[in-house]
Amino acid sequence: MRTVGDINMGINKKDVIRLLEKIAIYMELKGENPFKTAAFRKAAASLEADDRSLSEITNFTEIPAIGKGTAAVIEEFVEDGVSSVLEQLQEEVPKGLIPLLQIPGLGGKTIARLYKELNVTDVESLREVCAAGKLRKLKGFGKKTEENIKNALEQMGRQPDRFPIAYMLPFTEQIESYLKEVKEIKQFSRAGSLRRLSETIKDLDFVIATEHPKAVKEQLLKLDGEAAVSGDTKVTLHLQADYTISVDFRIVKPSEFATALHHFTGSAEHNVRMRQIAKERGEKISEYGVENTETGKVETFQTEKDFFKHFQLPWIPPEIRMNGKEIEHFSEAKQLIELADIKGDLHMHTTWSDGAYSLEEMIEACRKKGYEYMAITDHSEFLRVAGGLTPDRVRKQNEEIKALNEKYDDIFILSGIEMDILPDGRLDFEDELLSELDIVIASIHSSFFQPKSQIMKRLTNALQNPHVDIIAHPTGRLIGRRDGYEVDMDMLIELAKETDTVLELNANPARLDLAYSHLQKAQEAGVKIVINTDAHNISHLEYMDVGVSYAKKGWIRPGSVINTWKKDELLAFLKRGD
DNA sequence: GCCGTTTTCGGCCCGACTGTTTTCAGTCG
C-alpha cells in the first residue's frame, strides 16, 4: 500500500546537499577546475543555509550560488532520484580514490595524476605503487613525498579524522600553561575551531605575538612532539598521545596580532565573506592587516573589536563565526550571554550519590566562584550504579541543606534531585516527595535504544509533571561517542513551552546537550534554558565557561537563561507549579 | 559553475610552506 509518507519519503534536502558535495568530491578527484568544484560546494552550503524545506522551494536559482546548471542537477535528482552528472563522474572516477583525499599532501590534482599515470584506484593500489618505488619516479614527486604518503597510509584507519572537543581541551590547557611561561611571547590566543568551540576539532590552533620569533620558535620546538612544519611564521607540532595531535602555532608581530587572530579563527566561510566586504571597499584583508589596494597602505589594529569597527561592524563573537551570514545578522543589540551573567549552577552531585566531594566542599567551591545560588541535585534511587538516593536519604539531605543555609548568608543552596525517568515512562519519585524540594531535574539514563515514540512518552510524562522544573541533557548524546536517544525535538520544544519546563544545556564538554541549533530553536519558541555543569567534581564547575561559550553558538541571550536571573526571580519561577 | 549599476568575460580570499624545482605547483587553513 502506498501512503502519503511514501511519496514524500523520496528525496529530502539533506540528500540534495550530500549529492552536491559528492559531485564536488568527484570533480576534485577528476582534477576539474577548482572554481567549478568550489561552486558545487558553495551551492550545497547555500542550500543548507536556506531555512526552507525542499518542497517549499519552488525555484532553486533564487538561492544564491545556485544557477541554471546546479538547479538542473537538483531538479533531476528530486524528480528521478538519480543524477546523470554524478553517474557520469562515477564512471570516470573510481570510488576508491575518495579516501585518498584524507592523506595530507594529496589533493584532487595529484590524485588525478596518480590515477592517470600509475592507475592508482584505491588505498591498496596506492600502497603497492609506493612499495614498488614507482611514486618517486613521477615528475614533481620525490623520495620525501613517497615517504610521507607511506606514513600517512599506515596511520589511516588508526586515527580519527577529528576529535571531540572534550578530548582536546586538556591538551589545550597544557599548551597554554607552557606558552604563559615563554617570556618572549607578548600575547597568545586559541584560534581556529578550538576558539569557535566546534564540537569536534581537527587540530589545535594558536596565534602568538612576539618581537622575537626565532626565540619563540625554539621554545615551541622544545614542547614534546615532532615538528612537522617549521617555517618563519608557522610551527606545526605532532604531539604523541593515544593519537597524534596536530598543533599549529602562528607567529606574528604584536601589531599584526588582531588581524592574524581573526584570520586564523575563521571559519573559512566567515573569512571569505569578510574579504569580499573589504574588496567592495577597495581594501584587502590578510593576516597581516587591512591593505588599501590603491595606496598600498596597510592598517593594523589593537584588537579584533577595532578590526570589525573598521568595517562598521560590531565585534562578532568567535563562536558564531560560521557561514558568513552572521556578519549581516549580528548586531550589538542581540547581546549574547556572557560568563559574568551566570549567577549560579543548578545541577551538581556530591558524595551522597556519585560525586567526588562532600556537600560542604561543593558549597565552598561555589562560594569561591561568587555564585548567588546553587542547587544540589544528586541522583535518584533508580540509578543504583551512581548511588541514587532513596526517599529517606533525599529527605535527610534536604534537612542538612536547610541547616547549611542557616550557616551561609552569601549563597543560597537549593535542595534538589536529578530524578530518573524510568524506561516505562514513570518517574522515580512520588509527587509528594518532589513537592518538598526546591528544584527537580528529570533525565533519562537508561534504555537508550527505545523507539522514538517510547522516548517521547517518557519525556512527555516528565514535562507534564508540575514539579519537574528542568529536563537535563535532553538527548543523552556524547560527542563523538554516541548519538543519544531518539528525540522528536520539535515536540520536545513545544511541550517545554506548554508546560513551562526548562531545557538544559549541559556544559560538560563531552555532552554539550542540547546542541546549539536546538538551543536556538528553543529560544525562538520562548522556551527557557538553563546552563548547568552537572559537576561530579569541583573542577567540573569550570565547565560553565564552556557551556556559556557554546550557548553563544545558539545566539542565546542572557534573559533566556534562568541561572542568570536574580535569586528571588528564580525562586518565584521554580514555585510556579508546586 | 556562478556572478555582474564599473563587468556577459574573467574573475572567483589570501598567503605560507613543502618538495620539488631552479621559478613554481599543489596543498592547506
Side-chain angles (χ1 to χ4, degrees), chain A residues 20 23-24 27-28 30-47 60-74 85 89 100-114 135-149 152 191-196 198 201-207 213 217 227-236 246-252 256 259-260 262-280 282-291 293 298 321 324:
Chain A
L20 298 178
I23 289 175
M27 283 185 167
E28 199 177 343
K30 220 182 124 183
E32 188 57 273
N33 170 5
F35 294 111
K36 189 171 167 182
T37 309
F40 277 93
R41 290 224 163 85
K42 251 193 231 164
S46 185
L47 183 60
F60 288 99
T61 56
E62 278 172 6
I63 298 173
I66 297 184
K68 264 171 50 195
T70 313
V73 170
I74 297 174
V85 172
L89 284 165
L100 301 187
L101 281 168
Q102 302 287 320
I103 296 172
L106 284 191
K109 285 236 167 71
T110 313
I111 294 173
R113 279 192 60 207
L114 292 177
L135 210 56
R136 72 183 81 166
K137 302 218 176 80
L138 234 52
K139 192 167 190 287
F141 284 74
K143 216 177 154 189
K144 187 85 193 218
T145 308
E146 189 176 274
E147 203 57 36
N148 287 344
I149 290 174
S193 56
L194 179 66
R195 182 161 182 245
R196 300 198 311 275
S198 298
I201 291 173
K202 197 166 171 210
D203 48 26
L204 300 175
D205 286 311
F206 293 90
V207 176
K217 187 176 153 182
V229 173
S230 172
D232 284 345
T233 63
K234 175 178 171 177
V235 172
T236 300
S246 179
V247 191
D248 275 358
F249 299 96
R250 316 288 181 140
I251 305 165
V252 299
E256 297 160 349
T259 42
H262 176 264
H263 174 79
F264 292 118
T265 297
S267 69
E269 294 83 356
H270 172 90
N271 286 358
V272 167
R273 186 68 200 115
M274 285 298 292
R275 282 167 187 214
Q276 283 167 349
I277 288 170
K279 205 165 185 175
E280 284 158 19
E283 292 174 320
K284 195 168 81 175
I285 297 176
S286 82
E287 50 264 58
Y288 305 113
V290 177
E291 184 186 329
T293 14
V298 176
R321 296 181 200 166

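We name chains A, B, ... by the order of the sequence lines, and we start the count at 1 in each one.
Listed by chain and number, the residues in a salt bridge (charged side-chain N to carboxylate O under 4.0 Å, His left out) with A:Lys36 are A:Glu32 (sequence neighbours excluded). Remark: A:Lys217 engages A:Ser230 in a side chain to side chain donor-acceptor pair (under 3.5 Å) (not counting sequence neighbours). With sequence neighbours left out, the side chain to side chain contact (heavy atoms under 4.5 Å, CB included) criterion links A:Ser267 to A:Arg196, A:Glu269, A:His270.
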**Request:** Summarise protein proximity over nucleotides 24-29 of chain B in one line of letters, 5' to 3': B for base, S for sugar-phosphate only, - for none, counting protein heavy atoms closer than 4.0 Å.
**Result:** --SSSB

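Taking atom CD1 of residue A:Ile23 and atom C1' of nucleotide B:dG1, one finds them 11 Å apart after rounding to whole Å. To the nearest angstrom, C1' of B:dC12 lies 5 Å from CZ of A:Phe35. In this structure, A:Arg273 atom CZ and B:dC12 atom C1' are separated by 14 Å, rounded to whole Å. Summarising the geometry, the separation between CD on A:Glu32 and C1' on B:dG1 is reported as 9 Å, rounded to the nearest angstrom. Computed from coordinates, the A:Leu47 CG to B:dC2 C1' distance equals 15 Å when rounded to whole Å.
Put simply, A:Tyr288 has no side-chain N or O that comes within less than 4.0 Å of OP1 or OP2 on B:dC14.
As judged by a 4.0 angstrom heavy-atom cut-off over every strand, A:Lys284 is placed among residues touching the sugar-phosphate backbone only.
As the counterpart of B:dG11, B:dC2 is assigned, both hydrogen-bonding distances of the Watson-Crick or G-U wobble pattern falling under 3.5 Å.
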Scan nucleotides 3-5 of chain B against the protein and return all N/O pairs shorter than 3.5 Å with their distances rounded to 0.1 Å.
residue	atom	partner	partner atom	Å
B:dC3	OP1	A:Ala65	N	2.7

Under-3.5 Å N/O pairs linking protein and nucleotides 18-20 of chain B:
residue	atom	partner	partner atom	Å
B:dT18	OP1	A:Ser230	N	3.0
B:dG19	OP1	A:Asn148	ND2	3.4
B:dG19	O3'	A:Thr145	OG1	2.9
B:dT20	OP1	A:Gly142	N	2.5
B:dT20	OP1	A:Gly142	O	3.1
B:dT20	OP1	A:Lys143	N	3.4
B:dT20	OP1	A:Thr145	N	3.3
B:dT20	OP1	A:Thr145	OG1	2.8

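To the nearest whole angstrom, the two C1' atoms, one in B:dC2 and one in B:dT8, are 12 Å apart.
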